[in-house]
Amino acid sequence: MTLTNTQFPIDLSAYKPLVLNPKNATLTNEQREILKGNIQLCRDAIILFTATGAARGVGGHTGGPYDTVPEVMILDAFFRGASQRFVPIFFDEAGHRAATQYLMATLHGELNAEQLLHYRQAHFDLPGHPELGLTPGVKFSSGRLGHIWPYVNGVTLANPGKVVFCLGSDGSQQEGNDAEAARLAVAQHLNVKLIIDDNDVTIAGHPSKYLPGFTVAKTLAGHGLKILEGDGEDLDDLYHRMSEAVNTQGPIAVINKRPMCPGIEGLEGSTHGHDVISVDLAIKYLESRKHTDAVEYLKNIQKPKQTYTFIGSSEKWGANRNVFGEAVVDVLSRMSQEERKQNVLVIDSDLEGSCGLKKIHDTYPEIFISSGIMERGNFSAAAGFGMDKGKQGIFATFSAFLEMCISEITMARLNYSNVLCHFSHAGIDDMADNTCHFGLNNMFADNGLDDGYATQLFFPADTNQMKACVEAVFFEPGLRFIFSTRSKVPNILDSNGKDLFGNGYKFVPGKDEVIREGTQGYIISFGDALYRSLDAVERLKHSGLDVGLINKPTLNVIDEEAIAKVGKAPFVLVVEAFNRRTGLGSRFGSWLLERGFTPKYAHLGTHKEGCGGLWEQYPHQGIDPVSIMNKVKDLVR
């Protein structure tokens with residue numbers, strides 16, 4: 001195999017394609033040395049190109065891909081040595097281990113090595129989770145954590161007589177659908193082989209501490225799988241177990257115990273290894289490996305900056321996903337310890353640092369449960385706690401995972417549960433993980449009947465409104481869903497340049513808010529689309545088009561006064577980051593028609609797969625200020 005390697009600063013042509021026949025249970029000295037060399041080369045490469053994500057601010061995951069290199073190298077050699085026995089795809093249920101797929105595509109000559117240096121960068125087709133059809137050499141879409149094993153069962157059924165591998169992790173094995181997959185695999189005696197990286201690390205902690213009764217091996221053995229457990233860093237033992245798995249019919253779990261990021265000083269065994277390695281640690285590692293060119297490349301990366309200046313909003317930006325937790329703590333601080341303990345329970349799903357729950361955990365640990373990657377069960381537990389009048393379950397996770405909880409949301413509503421839910425990472429902004437992690441279908445949470453128990457959806461526009469929203473709805477009964485973005489947002493200003501949601505502001509659930517008056521039409525928006533829409537409105541006014549702006553922070557309740565106001569305008573344009581098919585815009589036009597209003601109507605929203613990167617997602621979808629202004633000009637012609 002010849003690789004063109006003129007720009008990638010580690011010589012990937014040093015990779016030696018190895019042929020291994022799994023019928024042979026032991027490695028020769030030569031095979032072992034080649035494997036060791038390939039493993040070290042690939043681990044070095046992963047450190048380098050994932051660290052480019054850290055340098056550019058787009059993040060990425062280093063630890064998982066780095067950990068699993070030994071088993072991937074053996075699989076690659078198996079696929080080469082006995083191709084007729086396998087479905088030669090590196091299926092992986094830990095979707096964030098995208099670096100593995102990109103590196104293997106490069107080593108197989110399907111992806112240019114230089115492209116790896118643009119890992120997760122916008123418009124370079126290397127998103128944080130691999131997507132079939134987007135990246136050359138990628139052979140499946142991994143989706144969200146823990147979704148691939150059930151899918152692989154189907155692949156196995158479609159390929160009788162062949163072995164199908166699924167790379168797993170102790171984190172992905174916490175997802176409930178893996179239990180279902182295990183039962184089917186055992187019942188049908190499927191020839192699927194799980195290769196599980198069991199490093200006792202997830203985002204927020206160590207499973208052995210927050211789920212002390214859970215072990216991957218015992219759980220899978222209980223389902224009926226054969227277990228082959230050992231040291232993932234012992235190459236001979238790893239090879240022997242993988243060989244035995246191939247030569248034994250039926251579902252088998254090869255469980256590899258190792259610390260997170262073995263051999264990386266400053267990361268080994270640490271939860272920080274789950275995410276991207278810092279540039280400083282990467283440089284230190286690469287210097288120890290004598291990769292001078294790679295070090296220089298990292299040092300010279302310039303972090304791209306958003307250069308657009310938004311008008312109508314302040315220079316003060318804040319993270320609503322963190323402010324949620326701060327606002328909850330403010331409310332809890334006014335309760336006695338006995339009241340908090342009796343009436344409030346917070347359940348985390350390994351994302352407390354990302355969803356603002358850490359502030360609650362640190363301040364009031366007695367009402368906080370650190371739980372695993374089990375969104376459905378954790379939501380239902382919060383709902384069960386909130387079944388009695390006056391009790392509040394609090395739950396949070398990423399908005400993309402709301403779709404996983406729809407049935408549980410229905411059950412909570414049928415049981416008249418009180419749950420305050422925070423779904424962060426809504427929309428598309430700053431989402432280098434790309435399409436599978438877009439929080440687009442949040443309106444699905446409002447799936448009850450007209451006479452069902454109360455359900456309200458809120459999307460505050462800035463940190464001031466987030467605080468006011470939490471304050472206003474904390475003690476309300478029913479299901480309350482508060483959304484926030486991964487990105488920071490600026491404070492919204494009134495026409496006099498003052499904080500619109502500042503001192504004296506009260507959030508009123510169900511009430512739409514006039515941000516700017518207008519005579520030629522209105523834009524309806526919310527969340528992080530609001531400040532972009534406000535920028536467009538201000539620029540349109542400066543150009544002579546008197547367009548108004550309405551903030552709709554309660555997404556699923558019709559404000560009759562506001563809809564009558566905008567319904568009489570010449571046009572209405574809904575701007576959102578939600579899915580065009582299921583978002584606010586898909587409903588608002590019907591609401592207007594039902595009331596006899598017939599303005600020109602249009603709605604902009606997310607409508608195609610992502611481009612990676614951060615703020616670049618907005619112009620990619622045509623919902624940035626320039627695109628909004630162009631659409632308004634079309635409507636007023």
Side-chain angles (χ1 to χ4, degrees), residues 144-145 171 174-175 202-205 210-211 318-332 340 344-365 367-386 391-406 408-409 412 417-427 430-431 433 437-439 441-442 444-445 455-460 463 466-467 469-471 473-476 478-489 527-528 555:
R144 301 154 189 164
L145 190 72
Q174 294 175 21
E175 289 284 13
T202 54
I203 293 175
Y210 63 73
L211 290 178
N320 264 355
R321 59 189 174 115
N322 294 328
V323 170
F324 171 84
E326 296 170 4
V328 169
V329 166
D330 285 345
V331 174
L332 294 175
R340 287 193 298 269
V344 181
L345 180 67
V346 184
I347 303 182
D348 176 47
S349 296
D350 193 51
L351 291 172
E352 63 178 78
S354 298
C355 299
L357 298 188
K358 190 176 188 305
K359 179 70 173 179
I360 309 172
H361 189 183
D362 291 344
T363 310
Y364 300 115
I367 64 168
F368 193 94
I369 292 179
S370 297
S371 189
I373 307 165
M374 308 177 297
E375 297 86 357
R376 304 165 185 85
N378 290 338
F379 175 86
S380 288
F385 181 88
K391 291 185 179 290
Q392 296 286 352
I394 299 179
F395 171 83
T397 189
F398 291 166
S399 291
F401 306 156
L402 186 150
E403 298 167 23
M404 297 159 58
C405 301
I406 297 300
E408 285 74 14
I409 290 169
S417 294
N418 305 310
V419 191
L420 179 64
C421 306
H422 177 213
F423 282 87
S424 70
H425 293 55
D430 275 17
M431 295 297 287
D433 277 334
H437 267 46
F438 284 173
N441 295 310
N442 300 315
F444 287 178
T455 301
Q456 297 180 84
L457 313 184
F458 306 106
F459 204 145
T463 58
M466 172 62 86
K467 293 173 185 175
C469 177
V470 172
E471 182 79 25
V473 307
F474 187 92
F475 292 105
E476 287 202 354
L479 305 180
R480 287 135 296 143
F481 295 83
I482 299 180
F483 300 104
S484 68
T485 59
R486 181 182 185 273
S487 59
K488 292 182 177 182
V489 289
D528 59 323
L555 303 177

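Just so you know, residue 1 is the first one in the sequence shown, and it goes up from there.
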Closest heavy-atom pair, Phe444 versus Leu402, reported as atoms and distance to 0.1 Å, is CB-CD2, 4.3 Å

In this structure, CG of Leu420 is separated from CZ of Phe475 (nearest 0.5 Å) by 10.5 Å

The reported gap from CD1 in Ile409 to CZ in Phe379 (rounded to nearest 0.5 angstrom) is 5.0 Å

Are any side-chain N or O atoms of Ser417 and backbone N or O atoms of Ala383, one a donor and one an acceptor, separated by less than 3.5 Å? yes

**Message:** Measuring only between side-chain heavy atoms, which start at C-beta, is Tyr210 closer than 4.5 Å to Thr202?
**Reply:** yes

Chi angles and distances behind the salt bridge (charged side-chain N to carboxylate O under 4.0 Å, His left out) call for Lys359, Glu352 = CA-CA 8 Å; Lys359 179 70 173 179; Glu352 63 178 78; over 6 Å; no

Subject >> Heavy atoms of other groups near Lys391 NZ, more than 12 under 6.0 Å >> reply: yes

Just checking His437 against Phe401, ring centres under 6.0 Å apart? yes

Between Arg376 and Cys405 (side chain of the first, backbone of the second, donor and acceptor by atom type, cut-off under 3.5 Å), is there such a pair? no

On a heavy-atom basis, the closest approach of Ala381 and Ile347 is CB-CD1, 3.6 Å

Open item on the list: Can you see whether Ser484 engages His422 through a side-chain donor-acceptor pair at a distance of less than 3.5 angstrom?
Closed with: yes

Does Asn378 form a side chain to side chain donor-acceptor pair (under 3.5 Å) with Ser371? I'd like the steps, not just the answer.
CA-CA 8 Å; Asn378 290 338; Ser371 189; 3.0 Å; yes

Sequence neighbours excluded, the answer for ring pair (Phe, Tyr, Trp, His ring centres under 6.0 Å) partners of Phe483 is none

- When you measure from the side chain of Asp430 to the backbone N and O of Arg486, does any donor-acceptor pair fall under 3.5 Å? no

Notebook entry, point to check: Under 4.0 Å between a Lys/Arg side-chain N and an Asp/Glu carboxylate O for Lys467 and Glu326?
Noted result: no

Quick check: does any side chain N or O of Asp350 sit under 3.5 Å from a backbone N or O of Ile373, one acting as donor and the other as acceptor? no

Closest non-hydrogen atoms of Ser354 and Phe398, given as atom of the first, atom of the second and distance, are CB-CE2, 3.6 Å

Looking only at heavy atoms, the pair that brings Ala412 and Leu479 closest together is CB-CD2, 4.0 Å

Value for CD1 (Ile360) from OG1 (Thr363), rounded to nearest 0.5 Å, stands at 8.0 Å

Residue pairs meeting side-chain hydrogen bond (donor to acceptor under 3.5 Å, both in side chains), one or both in residues 392-403, sequence neighbours left out, come to Arg144-Glu403, Gln392-Arg480, Glu403-Asn441

Nearest heavy-atom approach of Leu357 to Ala396 is CD1-CB, 3.7 Å

For Asp362, the side chain to side chain donor-acceptor pair (under 3.5 Å) test, sequence neighbours excluded, returns Lys358

What one should report as the nearest heavy-atom pair of Gly353 and Arg321 is O-NH1, 4.4 Å

